[in-house]
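What follows is one structure encoded as C-alpha cells, with my remarks underneath.
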2 protein chains.
Amino acid sequence: MMSGEDIRNAGLKVTLPRVKILALLEQSKQGHVSAEDVYKLLLDAGEEIGLATIYRVLTQFESAGLVTRHHFEGGQSVFELDRGEHHDHIVCIRCGRVEELFDQTIEDRQQEIAREKGFSVEAHALTIYGYCQAPGCRAS
Amino acid sequence: MMSGEDIRNAGLKVTLPRVKILALLEQSKQGHVSAEDVYKLLLDAGEEIGLATIYRVLTQFESAGLVTRHHFEGGQSVFELDRGEHHDHIVCIRCGRVEELFDQTIEDRQQEIAREKGFSVEAHALTIYGYCQAPGCRAS
DNA sequence: CAACAAATGAGAAGCTTTTGCATTCTGTTA
DNA sequence: TAACAGAATGCAAAAGCTTCTCATTTGTTG
C-alpha cells in the first residue's frame, strides 16, 4: 500500500494532485492506465486537476521508481504502479485487455544474449500481442 | 533483393516514390530508420518527395509485409525491410545503435505462456535496452 | 494514347505530450 | 502559528509525430 510517505521519499512534496493520482493508480483495477485515463477518472470523481499535472507527476513518479511506463502499440503511453516485481505483458489486440507475465527462462536468456553481444542490460520490454478468450472480448 | 515486382505483388502501383523508398531501405546500413530519416535521406539525395508520402508508403509496405514497424522508446516509429526472418532487438540507450537478435528458447516460451493464458499469439515485441561497447559509443 | 483510378505533394489538422508563466500551495523557520 | 522561499499547479500555447484533405499528377489498362 503506497502513501504520502512514498511521495516524500521520492523527494517530492506531498500535494493533493500527487496523492490523488497515486491513490487512483493504487485502486485501479485495470492496472494499466494512460495519462488521459487518469485525467478523466479524476474529473469523473469530481476532482479538479489539469492534464499537464498528470503528465508531470507520472513522469516524476516514474523517475522515482513509483510507477513504470510502457509503450504498447497505439502511440499512447500507459502507466502502472511499480510493486517491485518486474514483469512483461500480453495484450489482446481485440479488446485491449492486458495481462502480466513473468518467466525466468526468458529473463535468463536475455541476460545471456546481451552478454554475448557486449551489452549491459538496463531494461527490457517484452510484449506479446494476440487474441484472448475473455467473455466480453469477442463482442468489442 | 526487392524490386518493383514486390510493390506490384502488394497490389500497389509501381511509382517513383515507392521505388525510391524501397531502394533506400534496401541499401540502408543502419537497418532501422524513421519516416523522418527516410525523408531527409531522400531530400539529401536530391529527390523530391513529401513527408506525407513517406508515411503513407511505409504504412502500405507494412500492411503488405514488405517492412516491419517498431515502437522503440522515444515516441518515433522505426521501419526496417522485412526479410522474412523474425527477430527482436537490443538497443543501446547511449548511442542508439540497434542490434538484432533471435533466440528459439525465448520464442518457444512465449508460445507456451500465451497458450497457458488462453491467448493466440499474433505478434510480439522484445526489446532489450542497455549500454553497448561500440568504439564510438562512449563518446556520444 | 485516351481515360480512369490511384498516388502524390503541400499544407492543414489531429493527438499525445511538453513547456512557459502567473498563481497557489507545502514545508520550514522564527 | 505567521511568514517566507521554493516547489507545484493549471491553463493555454507550443512542440513533436503522424494522418488527412484536396487539387494535381502519374500509372495502368484497353
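A note on names: the letters A, B, ... follow the listed sequences, proteins ahead of strands, and every chain is numbered from 1. Everything numeric in this text was worked out from a predicted model, so none of it was measured.
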A:G118 versus B:Q133, closest heavy-atom pair with distance: O-CG, 3.2 Å

Between D:dA8 (C1') and A:L16 (CG): distance, integer Å: 12 Å

Minimum-distance pair of heavy atoms, taken over all atoms of B:Y131 and B:C92: CA-SG, 4.0 Å

Sugar-phosphate, base or nothing in reach of A:S77, heavy atoms under 4.0 Å: sugar-phosphate

Interatomic distance, A:L51 CG vs C:dC15 C1' [rounded to whole Å]: 11 Å

Minimal non-hydrogen separation, A:I21 against A:I54, with atom names: CD1-CA, 4.0 Å

Given C:dT17, D:dC11, D:dA8, the nucleotide with the shortest approach to the side chain of A:T15: D:dA8

Rounded distance (Å) that lies between atom P of C:dC25 and atom CD of A:E48: 11 Å

Nucleotide of C:dG9, C:dT8, D:dA8 approaching B:I49 most closely (side-chain heavy atoms): C:dG9

Nearest-Å distance for atom pair CG/P, residues B:D37 and D:dT18: 11 Å

Position toward the 5' end of DNA chain D (nearest nucleotide), B:V14 or B:T53: B:T53

Single hit among A:I90, A:T105, A:L101 for side chain to side chain contact (heavy atoms under 4.5 Å, CB included) with B:I113: A:L101

Spacing of B:H71 atom NE2 relative to C:dT16 atom C1', expressed in whole Å: 14 Å

Phosphate OP1/OP2 of C:dT26 contacted by A:R18 side-chain N/O (<4.0 Å): no

Closest-nucleotide 5' rank along DNA chain D - winner of A:K13 and A:I54: A:K13

5' priority, DNA chain C, between B:G11 and B:Y39 [closest heavy atom]: B:G11

Nucleotide C:dT17, atom C1' - distance to CD of A:E36 in whole Å: 11 Å

base_contact_polar (C:dG9 base, B:R56 side chain, donor-acceptor, <3.5 Å): yes

Distance, rounded to the nearest Å, where A:Y55 contributes OH and D:dA13 contributes P: 18 Å

Most 5' of A:L12 and A:T59 on DNA chain C, judged by nearest nucleotide: A:T59

Heavy-atom closest pair, residues A:S3 and A:L22: O-CD2, 3.6 Å

Separation of C:dG9 C1' from B:L43 CG (nearest whole Å): 12 Å

Sugar-phosphate only, base, or nothing, as touched by B:R69 at under 4.0 Å among non-hydrogen atoms: nothing

